[in-house]
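Protein chains get the first letters and strands the later ones, always in sequence-line order, with residue 1 at the start of each.
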Amino acid sequence: MSLAWRLLKAALSSLWAFRSYAALMMIGLIIGIASLTVIHQIGQGAQQQVAARMASMGFGADAFYISSGGGRLGVRRGMKRAVTLTPVDAASISRLDGVAQVVPHKNVARTQVTAGSNHTNTRVRGAPPGWAAARNWSMLHGRFISRADIGQSARVAVVGTTVVRELYGGANPVGRRLRIGRTPFIVVGVLESKGSSGWRDRDDIILVPLSTATKRLSRDDKISGMRVTMTDASRVEEIKGEVTAVLRENHSLGPGVPDDFLIITPDELMKLITRQSRSLVVMLTFVSAVSLFVSGVVIMNIMLVAVSERAYEIGVRRAVGARRRDILYQILMESLMVAAAGGVCGLLLGILLSYLATLLLGIPTAFSPSGFLWALGFSAAVGLFFGVAPAKKAAGLHPVEALR
Amino acid sequence: MIKLKGITKTYYRGKVETPVLLGIDLHVRPGEFLAIMGPSGSGKSTLLHILGLLDRPSGGSYLLDGSETSTLNDDELARLRNAKLGFVFQAFHLLPKSTALDNVLLPFTYAGHFPQDAAHRARHALARVGLEHRLHHRPGEMSGGECQRVAIARALVNDPEVIFADEPTGNLDQRSSLEVISILQGLNAEGRTIVLVTHDTAVGCMCRRLVRLIYGRVDSDEIIAEPTQAMRQLQTLMEAAK
């Protein structure tokens with residue numbers, strides 16, 4: 001039985017002896033650490049969800065997205081944006097060194113779509129043949145838009161599963177007809193479902209050849225946006241600069257005129273999405289910081305009272321040879337262990353609450369080992385910091401006074 | 001073994017000076033069983049605290065085993081208490097939530113290193129005070145006399161040169177007092193040096209030397225030729241009870 005083990009055992013048995021105090025000391029810490037854990041797990045969950053969604057969009061680190069219309073990411077959401085990009089822009093960008101692929105698309109205004117007696121209102125988007133592969137879509141039935149479709153501006157459509165359900169009652173619609181506005185189309189393929197993770201149903205979509213969208217469904221040949229893939233992920237920033245220069249030149253933007261397009265990198269998108277939950281996180285962090293501070297003060301005060309109550313114990317220990325620093329370490333060890341125990345309880349409670357949040361409220365959460373260490377470290381720090389005053393008081397007791 | 005020369009102690013409370021010890025000269029030789037007696041306020045407890053290195057004198061010299069202790073720092077005093085001294089207190093001062101065995105092991109916790117045979121030595125010390133059947137009892141589960149015997153075992157376990165006892169029978173009934181004193185007499189008979197503070201003349205007469213303090217000075221210092229044997233009194237008491 002080593003000395004360290006004996007000291008640990010002594011601290012444990014003191015805590016057990018004063019377990020009602022220890023429980024009081026731990027309450028605040030449990031609440032604080034639990035809420036920190038919940039915050040952390042919700043944050044982790046959101047990030048994982050965004051990352052998964054971006055990956056499913058084929059939005060890896062080696063790509064960025066150019067959107068028509070200027071402004072700043074996040075600021076102009078919901079505003080009607082000017083459609084400023086053109087097929088010429090797409091062509092110039094694809095000629096840049098280091099650009100592997102440019103996949104443009106054109107959004108057509110939401111339109112009434114009918115098939116027989118059924119109708120629905122859905123997103124219609126013009127896309128090139130490479131669009132499905134670039135965004136990790138695979139086909140459930142039939143085929144995707146072909147090069148020949150583009151050349152002929154063919155009136156063919158590829159539909160998502162939501163549309164299949166709305167218009168055809170779920171039956172395989174390949175070969176059947178539908179009308180977008182007044183223009184008749186033939187369904188040539190069905191996209192495999194991607195579900196509705198995030199903020200909209202991604203299966204509620206109809207894709208038509210890009211040229212069909214520009215020539216037959218709208219009056220201009222502008223494009224809404226394009227996805228640019230680099231040959232090398234490390235050149236994203238460099239190529240972003242070149243693209244900006246090319247687009248400004250194509251659009252004849254003089255110095256001082258703001259961009260009429262927006263380049264969105266995966267990093268920025270990630271930041272934007274996580275920023276949306278930030279106010280909640282700030283509030284919860286504040287609450288838990290306050291509760292951790294309060295619990296620290298509570299620990300300190302209870303320990304100070306306990307030190308007075310245990311004066312004779314300290315006196316005995318001094319009498320049999322404990323040095324001041326032995327007493328100091330003992331009390332510090334006790335507050336550290338109370339805090340660590342509170343931290344572990346808080347962490348478990350937090351994990352449970354996160355689990356319930358996912359189960360009952362559908363909020364995505366994720367556990368991370370770093371969060372575990374963080375919670376333990378934080379509570380230990382609280383224990384150490386607020387244990388100093390009681391420990392000093394205990395160590396400063398004169399043996400004779402303590403024994404009285 | 002212990003040589004006090006001109007030991008003084010003055011307490012300061014604010015601007016009020018309270019002199020307690022006014023110059024004590026005392027020589028304790030190995031193997032002695034010394035009782036310090038005196039009325040309250042005579043300074044006997046203060047003297048014991050100074051002898052036990054729990055408190056420092058305001059002046060004078062204290063040689064323990066030939067080395068001066070009044071210049072030692074706090075840690076060095078703690079080290080000496082751990083290695084050379086044992087304490088028995090009036091209120092036992094056992095750790096309430098620890099077993100008898102753990103209480104007796106306490107001095108080893110602060111011994112710098114924990115000896116391999118610590119548990120064996122603790123059991124032996126408890127057996128010496130007749131408590132081999134109480135190893136895993138907590139203070140709340142034992143009588144006052146048994147608690148004080150655990151305290152004696154704790155004072156004994158590190159094989160100290162001197163055991164200091166501050167009113168060891170003050171909280172005990174007559175029978176337990178006699179048991180405790182008879183253990184101390186037995187230890188003394190084996191050569192252990194014991195210094196005891198008491199206000200009970202009967203207890204004082206069970207020691208082999210009696211020092212009386214009055215107003216912070218040694219008033220008398222006498223050898224008791226034939227100390228009362230606690231064991232014999234205990235037997236008498238037991239027979240009377242039958």
Novice: Any idea which heavy atoms bring A:A319 and B:F89 closest together, and the distance?
Specialist: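 Smallest interatomic distance, heavy atoms only, reads CB-CZ, 3.8 Å.
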
Novice: Counting only non-hydrogen atoms closer than 4.5 Å, does B:P160 touch chain A with its backbone (N, CA, C, O), its side chain (CB onward), both, or neither?
Specialist: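 Neither; nothing under 4.5 Å.
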
Novice: Please answer whether the main-chain N or O of A:V320 pairs with a side-chain N or O of B:N82 as donor and acceptor at a distance below 3.5 Å.
Specialist: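 Checking the backbone N and O of A:V320 against the side chain of B:N82, a donor-acceptor pair under 3.5 Å is found.
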
Novice: So what's closer than 4.5 Å to chain B heavy atoms on A:E401: side chain, backbone, both or neither?
Specialist: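 Neither part, no heavy atoms under 4.5 Å.
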
Novice: Of all the heavy-atom pairs spanning B:D74 and A:R324, show the shortest one and how long it is.
Specialist: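 So the minimum-distance heavy-atom pair works out to OD2-NE, 3.0 Å.
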
Novice: Can you give me the closest heavy-atom contact between B:A78 and A:A322, atom names plus distance?
Specialist: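 Between these two residues, the closest heavy atoms are CB-O, 3.7 Å.
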
Novice: Any chance NZ of B:K3 has more than 12 other-residue heavy atoms, nucleotides or ligands included, within less than 6.0 Å?
Specialist: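 It does not: B:K3 NZ has 12 such atoms or fewer within range.
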
Novice: Count the heavy atoms of every other residue, nucleotide or ligand shown that sit under 6.0 Å from NE2 of A:H398, and state whether that count exceeds 12.
Specialist: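 Enclosed: over 12 neighbouring heavy atoms sit under 6.0 Å from NE2 of A:H398.
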
Novice: Count the heavy atoms belonging to other residues, nucleotides or ligands that lie under 6.0 Å from NZ of A:K393, then report whether that count exceeds 12.
Specialist: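 Enclosed: over 12 neighbouring heavy atoms sit under 6.0 Å from NZ of A:K393.
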
Novice: How close do A:V316 and B:L106 get, heavy atom to heavy atom, and via which atoms?
Specialist: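 It is CG1-CD2, 4.0 Å.
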
Novice: Using heavy-atom distances under 4.5 Å, tell me whether B:L94 contacts chain A through its side chain, its backbone, both, or neither.
Specialist: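 The backbone, not the side chain.
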
Novice: For A:R325, is it the side chain, the backbone, both or neither that has a heavy atom under 4.5 Å from a heavy atom of chain B?
Specialist: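 The side chain, not the backbone.
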
Novice: Where the side chain of B:R81 meets the backbone of A:R318, is there a donor-acceptor pair that is under 3.5 Å apart?
Specialist: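 Present.
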
Novice: Taking atom CZ of A:R19 as the centre, report whether more than 12 heavy atoms of other residues, nucleotides or ligands fall under 6.0 Å from it.
Specialist: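 Yes - once you tally the heavy atoms of other residues, nucleotides and ligands closer than 6.0 Å, there are more than 12.
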
Novice: For A:Y355, I'd like to know if atom OH has over 12 heavy atoms of other residues, nucleotides or ligands within 6.0 Å.
Specialist: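 Not more than 12 within 6.0 Å, no.
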
Novice: Look at atom CD of B:E190 and say whether more than 12 heavy atoms of other residues, nucleotides or ligands are closer to it than 6.0 Å.
Specialist: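 Enclosed: over 12 neighbouring heavy atoms sit under 6.0 Å from CD of B:E190.
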
Novice: Determine, step by step, whether A:L403 and B:L54 satisfy the side-chain contact (heavy atoms from CB on, under 4.5 Å) criterion, reporting the C-alpha distance in whole Å, the side-chain angles of both residues, the deciding distance to 0.1 Å, and the verdict.
Specialist: CA-CA 10 Å; A:L403 285 168; B:L54 291 167; 4.1 Å; yes

Novice: Hey, is the main chain of A:Y312 close enough, under 3.5 Å, to the side chain of B:H93 for a donor-acceptor pair?
Specialist: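 Between the backbone of A:Y312 and the side chain of B:H93 there is no qualifying donor-acceptor contact (under 3.5 Å).
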
Novice: Stepwise, does the side-chain contact (heavy atoms from CB on, under 4.5 Å) test hold for A:R323 with B:L77?
Specialist: CA-CA 9 Å; A:R323 297 162 299 176; B:L77 290 179; over 6 Å; no

Novice: Between B:L95 and A:E313, which heavy-atom pair has the shortest distance, and what is it?
Specialist: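 Closest pair (atom of B:L95, atom of A:E313, distance): CD2-CG, 3.2 Å.
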
Novice: More than 12 heavy atoms of other residues, nucleotides or ligands under 6.0 Å from CZ of A:F293: yes or no?
Specialist: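 Open: at most 12 neighbouring heavy atoms sit under 6.0 Å from CZ of A:F293.
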
